[in-house]
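Reading through the structure tokens given below for one structure.
Keep in mind it's a predicted model, so treat the numbers as computed, not measured. Position 1 is the first residue of the sequence, and the numbers go up from there.
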Amino acid sequence: LVGATPQVLTLNGAANQIQAGQLTVGANFTIANTNVGGLTVLNGATVNVGNATVPFVSGNEFAYNAGGILNYQGTTAMTTGLEFPSTMNGNVIVNAGGGTPTVTLNAARTLGASSTLTLTAGRLVTSGANMLTVNNTATAAVTRTGGMVEGPMQRALPAGGPTAGTWLFPVSKGATYLPFAIVDPVT
């Protein structure tokens with residue numbers, strides 16, 4: 001959804017869902033999510049955010065079932081909003097191309113026990129107040145082919161160790177990638 005002039009999509013039904021396919025939001029387009037049931041992104045469905053007017057969602061935050069995807073794919077700096085719920089049960093992809101654009105968390109966010117974070121390009125900017133917490137204890141809960149988390153992040157480790165595996169923390173200071181990993185922890 002892209003508009004030459006500002007456009008608004010209003011969701012006001014009892015409960016709206018993206019069951020399959022993709023909702024792509026670009027420049028000059030906003031979503032008024034006014035229904036109590038909000039918008040739920042189901043397993044296999046994707047919300048793509050590319051150079052959207054920020055904030056592009058008003059009203060109620062989106063909800064994601066396990067397997068639903070939120071994909072930031074813009075080429076300009078973006079700040080998260082109601083499209084990224086405070087507790088995310090789906091998966092997040094940061095694929096912000098065109099140099100090193102940023103996606104900045106507007107508040108603390110928690111990825112649920114089965115959620116994943118995939119860093120393909122760009123930087124996900126966090127802070128002490130706007131922390132990213134990954135509660136999925138699997139080693140593959142955070143993957144990186146490019147991109148990074150600029151700032152602090154927290155990851156849950158499996159209880160009852162010792163546990164074999166490598167838990168990546170793909171962090172940076174500015175555009176300088178400074179990763180570390182926890183290998184075979186004893187918890």
With sequence neighbours excluded, what pairs up with [X] under the side-chain hydrogen bond (donor to acceptor under 3.5 Å, both in side chains) test?
{"X": "T110", "answer": "none"}
{"X": "T75", "answer": "N51"}
{"X": "R109", "answer": "N106"}
{"X": "E61", "answer": "none"}

For the [atom1] atom of [X] and the [atom2] atom of [Y], what is their distance to the nearest 0.5 Å?
{"X": "L39", "Y": "L82", "atom1": "CG", "atom2": "CG", "result": "11.5 Å"}
{"X": "L105", "Y": "E150", "atom1": "CG", "atom2": "CD", "result": "11.0 Å"}
{"X": "Y72", "Y": "M78", "atom1": "OH", "atom2": "CE", "result": "8.0 Å"}
{"X": "M153", "Y": "M148", "atom1": "CE", "atom2": "CE", "result": "13.5 Å"}
{"X": "L111", "Y": "F84", "atom1": "CG", "atom2": "CZ", "result": "5.0 Å"}
{"X": "Y64", "Y": "N43", "atom1": "OH", "atom2": "CG", "result": "14.0 Å"}

Side-chain atoms of residues 87-94: list all donor-acceptor pairs with protein atoms under 3.5 Å, sequence neighbours left out, distances to 0.1 Å.
residue	atom	partner	partner atom	Å
N91	OD1	T116	N	2.9
N91	OD1	T116	OG1	3.0

Self-check item: Positive for side chain to side chain contact (heavy atoms under 4.5 Å, CB included) with Q73, one of T24, T120, V49, V103
Solution: T24
Practice problem: State, to 0.1 Å, how close P185 and G165 come at their nearest heavy-atom pair, and which atoms those are. | Solution: CD-O, 4.2 Å
Exercise. Could you pull out the closest heavy-atom pair between F56 and V25, with the gap in Å?
Key: CD1-CG1, 3.5 Å
For [X], enumerate each residue passing the side chain to side chain contact (heavy atoms under 4.5 Å, CB included) test, keeping only those at least two apart in sequence or located in another chain.
{"X": "S114", "result": "A66"}
{"X": "L42", "result": "Q17, Q19, T40, N65"}
{"X": "T46", "result": "Q22, N48, I69, N71"}
{"X": "T34", "result": "T10, N12, A32"}

What donor-acceptor contacts under 3.5 angstrom involve side-chain atoms of residues 170-181, with partners at least two apart or in another chain?
residue	atom	partner	partner atom	Å
S172	OG	G174	O	2.9
Y177	OH	R144	NE	3.4

Do any side-chain atoms of residues 131-143 form donor-acceptor pairs under 3.5 angstrom with protein atoms, and if so which ones, sequence neighbours left out?
residue	atom	partner	partner atom	Å
T133	OG1	Q154	OE1	3.2
N136	OD1	A138	N	2.9
N136	ND2	S115	O	2.9

Practice problem: Determine whether T76 and P101 make a side-chain contact, defined as any pair of heavy atoms from C-beta on separated by less than 4.5 Å. | Solution: no
Quiz item: Do the side chains of I31 and F62 get nearer than 4.5 Å, heavy atoms only?
Solution: yes
Exercise. Give a yes or no on whether the backbone of N60 and the side-chain of N33 come within a donor-acceptor separation of less than 3.5 Å.
Key: yes
Quiz item: Are the side chain of R155 and the backbone N or O of F169 linked by a donor-acceptor pair below 3.5 Å?
Solution: no
Self-check item: salt bridge (Lys or Arg N to Asp or Glu O under 4.0 Å) pairs, two or more places apart, involving residues 23-39
Solution: none
